[in-house]
Protein chains: 2
Amino acid sequence: MARERRRQKDRTAETSARLKAATIDLLHDRGFWRMSTVEIARQAGVSRGALTHHFASREEIITESVADMLRRVTDDLHRFAEDFADRGGSSDEIVDYIWRMMSDRLFYVTMEFLPEARHNADFKARLIPVVRAFHAGLDAVWTALAARSGVDPDRTRTAMNASMCLVRGMIAQTVIRDDPLYYTGLLDFWKTQLRPLFPVASGRGAEGGRAPG
Amino acid sequence: MARERRRQKDRTAETSARLKAATIDLLHDRGFWRMSTVEIARQAGVSRGALTHHFASREEIITESVADMLRRVTDDLHRFAEDFADRGGSSDEIVDYIWRMMSDRLFYVTMEFLPEARHNADFKARLIPVVRAFHAGLDAVWTALAARSGVDPDRTRTAMNASMCLVRGMIAQTVIRDDPLYYTGLLDFWKTQLRPLFPVASGRGAEGGRAPG
DNA sequence: ATTTACAAACAATCAAGTTTGTTTTTCGCA
DNA sequence: TGCGAAAAACAAACTTGATTGTTTGTAAAT
């Protein structure tokens with residue numbers, strides 16, 4: 001393009017980024033074990049030599065790619081939490097948000113590497129800190145909801161972690177069962193269950209923030 | 001052994017059963033792609049030649065093993081549904097049952113082959129009918145609960161499918177997060193949510209089952 | 001006798017990591 | 001500031017090991 005001479009830092013950053021993006025793409029489209037480092041290089045538009053230069057092993061490029069992806073999602077999560085706290089959203093919105101976030105490749109990619117984490121202690125260890133950061137992002141969202149609806153934070157966390165698990169299980173099921181109405185039905189049911197737990201304080205503030213158990 | 005002369009039917013049945021059991025064991029302990037046909041034969045205590053004699057390919061022994069496993073679980077499900085209908089159990093009990101059923105290797109093994117189903121159309125096609133039968137088994141349980149508590153069957157199905165998804169998502173999370181209290185907390189939360197939807201008809205209160213230790 | 005169950009050796013493929021070679025960038029130093 | 005060595009970014013060929021499906025051989029059941 002414009003610059004014929006590029007700094008090595010820039011070249012490294014760009015090539016690594018392309019390779020990591022290609023890795024996530026293939027993780028999603030081809031699967032953890034079906035994809036090869038040859039494919040990753042091809043998809044990234046670089047030689048396999050470039051790949052081996054920047055990443056010591058197949059396992060390394062995968063762990064770094066997944067870590068990158070989770071960090072990006074975590075950033076989004078924090079932005080959403082801030083925005084949500086500012087304008088005071090509803091529990092419905094949160095359900096929709098996590099459904100969209102998880103459906104958008106995140107949990108499909110997760111299903112690719114979860115089995116590996118279960119069988120490969122190094123891989124799992126490398127993953128845990130970044131997963132913890134992701135959960136901290138989730139907690140930021142839950143905390144915003146708890147503050148906004150005046151509900152006990154612990155109870156909020158439980159309800160929202162359950163929502164996360166529900167969505168995980170739903171997306172797992174989409175692999176075998178393709179039935180959009182089934183999933184919207186489940187989400188609606190879930191929203192209905194959550195609503196009384198997190199009353200919206202706005203407007204005619206009749207509710208003080210307590211829900212009958 | 002006791003019998004020196006065995007029918008070929010019996011030999012085939014026994015050897016196949018050993019191989020399929022070994023396949024499920026390794027699927028759980030080593031993972032879909034980490035295990036090899038050599039390992040399966042060794043685990044089953046037969047030669048690899050025996051394996052190739054009874055199963056045309058690696059994919060075939062895996063699909064047949066998984067189908068067998070799902071059929072066994074489905075049988076259990078129907079037995080539970082019958083028993084549950086006879087004595088009129090609580091929704092708490094159902095939550096405990098599906099948690100136990102899914103935690104007992106079933107969903108870990110499922111997480112091993114779900115990605116394969118996502119990327120391998122033949123594999124998926126081979127799986128769908130047996131998964132459908134499994135869901136029919138689940139429906140038998142839900143129907144028993146609906147009849148017993150006089151709740152609309154459709155609503156019951158939705159609530160119970162949500163329970164299944166919740167449990168799936170919880171078990172997926174156990175791969176990364178090892179925290180038994182977290183999971184019992186989620187189960188208790190969910191039982192509390194379900195209880196008012198499925199009131200126990202008798203005057204004895206909703207004492208049902210307690211969470212497993 | 002002929003088919004079936006099992007056993008073991010074989011062949012071909014494939015992917016990961018290594019090595020070797022070439023071009024571009026960086027940097028110490030005159 | 002300019003030059004040359006060193007290092008980094010790529011590229012491609014090579015090595016090795018593992019795995020699957022196939023083939024060939026043998027004992028037992030039909």
Side-chain angles (χ1 to χ4, degrees), chain A residues 1-23 26-27 29-65 112-113 116 119-120 122-123 126, chain B residues 1-23 26-27 29-65 112-113 115-116 119-120 122-123:
Chain A
M1 310 296 195
R3 219 158 262 103
E4 298 233 341
R5 304 211 135 186
R6 287 184 309 169
R7 305 274 126 113
Q8 289 194 335
K9 295 266 172 160
D10 294 341
R11 293 176 63 172
T12 296
E14 196 195 313
T15 305
S16 296
R18 292 169 66 99
L19 282 164
K20 286 186 281 191
T23 301
L26 289 171
L27 224 35
D29 296 340
R30 296 258 309 147
F32 193 101
W33 289 106
R34 287 175 167 263
M35 76 181 183
S36 68
T37 55
V38 175
E39 281 178 299
I40 295 175
R42 172 153 30 94
Q43 169 95 4
V46 305
S47 74
R48 207 178 86 90
L51 188 155
T52 66
H53 175 68
H54 290 288
F55 302 94
S57 68
R58 181 191 139 102
E59 193 172 320
E60 184 176 304
I61 191 177
I62 295 179
T63 53
E64 293 198 14
S65 303
E112 295 295 332
F113 68 72
E116 182 64 13
H119 301 294
N120 181 339
D122 286 348
F123 187 90
R126 179 76 181 67
Chain B
M1 315 291 189
R3 216 159 261 103
E4 300 234 340
R5 301 211 141 189
R6 287 184 308 168
R7 314 269 140 117
Q8 289 195 332
K9 294 264 173 166
D10 294 341
R11 291 175 64 171
T12 295
E14 195 196 314
T15 305
S16 296
R18 291 169 67 99
L19 283 164
K20 287 187 278 190
T23 301
L26 289 171
L27 225 34
D29 296 341
R30 298 256 312 145
F32 193 101
W33 288 105
R34 289 179 165 264
M35 74 180 187
S36 67
T37 54
V38 176
E39 280 178 300
I40 295 174
R42 172 153 30 95
Q43 170 93 7
V46 305
S47 74
R48 207 179 85 90
L51 189 156
T52 66
H53 175 70
H54 290 288
F55 302 93
S57 70
R58 181 190 138 103
E59 195 172 316
E60 183 175 305
I61 190 177
I62 295 179
T63 52
E64 293 197 13
S65 303
E112 295 294 333
F113 67 73
E116 184 64 11
H119 300 294
N120 183 338
D122 285 348
F123 187 89

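Convention: sequence-line order gives letters A, B, ...; per-chain numbering from 1.
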Review point. Applying salt bridge (Lys or Arg N to Asp or Glu O under 4.0 Å), which residue pairs with at least one partner in residues 32-52 of chain A are found, sequence neighbours left out?
Key: A/R30-A/E39, A/R34-B/E116
Check your understanding: According to a strict under-4.0 Å criterion, is A/R58 in side-chain N/O contact with OP1 or OP2 of C/dA16?
Key -> yes
Practice item. For B/L51 and D/dT20, give me the distance from atom CG to atom P, rounded to whole Å. Key: 9 Å
Check your understanding: In whole angstroms, how far is the C1' atom of C/dC6 from the CZ atom of B/R42?
Key -> 18 Å
Practice item. Rounded to the nearest 0.5 Å, what's the gap from CD1 on B/I62 to CZ on B/F113? Could you check? Key: 11.0 Å
Review point. A/R18 has an atom CZ; how far is it from atom C1' of D/dA9, in whole Å?
Key: 14 Å
Review point. Atom CG of B/L19 to atom C1' of C/dC6: distance rounded to whole Å?
Key: 11 Å
Revision key, fill the gap. dist A/I40:CD1 -> A/I61:CD1 (nearest 0.5 Å) comes out at 4.5 Å
Check your understanding: Atom CD of A/E59 and atom P of C/dG17: how far apart are they, to the nearest Å?
Key -> 9 Å
Study note, to complete from the structure: Counting primed atoms, P, OP1 and OP2 as sugar-phosphate and everything else as base, the B/S/- map of nucleotides 7-12 of chain C against protein heavy atoms under 4.0 Å is B-----
Check your understanding: For A/H53 and D/dC10, is the shortest distance between a side-chain N/O and OP1 or OP2 below 4.0 Å?
Key -> no
Practice item. Taking side chain to side chain contact (heavy atoms under 4.5 Å, CB included) as the test, write out the residues that go with A/A44, two or more places apart. Key: A/R18, A/L19, A/A22, A/V46
Revision key, fill the gap. Sorted by number, residues from residues 30-37 of chain A placing a heavy atom under 4.0 Å from DNA chain D are none
Check your understanding: 5'-most contact on DNA chain D: B/K9 or B/E39, nearest heavy atom basis?
Key -> B/E39
Check your understanding: In whole Å, what is the span from the CZ atom of A/R7 to the P atom of D/dA9?
Key -> 14 Å
Check your understanding: Would you say A/H54 reaches D/dC10's phosphate, i.e. side-chain N/O to OP1/OP2 under 4.0 Å?
Key -> yes
Compile the donor-acceptor pairs under 3.5 Å between side chains in residues 51-58 of chain B and protein atoms, sequence neighbours left out, one pair per line.
{"residue": "B/T52", "atom": "OG1", "partner": "B/G49", "partner atom": "O", "Å": "2.9"}
{"residue": "B/S57", "atom": "OG", "partner": "B/E59", "partner atom": "N", "Å": "3.4"}
{"residue": "B/S57", "atom": "OG", "partner": "B/E60", "partner atom": "N", "Å": "3.1"}
{"residue": "B/R58", "atom": "NH1", "partner": "B/M35", "partner atom": "O", "Å": "2.8"}
{"residue": "B/R58", "atom": "NH2", "partner": "B/F32", "partner atom": "O", "Å": "2.5"}

Review point. OP1, OP2 of C/dA16 versus side-chain N and O of A/S57: anything below 4.0 Å?
Key: no
Point to revise | Pairwise side-chain contact, A/E112 with B/H119, heavy-atom cut-off 4.5 Å (strictly under) | key: yes
Practice item. Rounded off to whole Å, could you give me the CG-to-P distance for the A/D10 and C/dT24 pair? Key: 17 Å
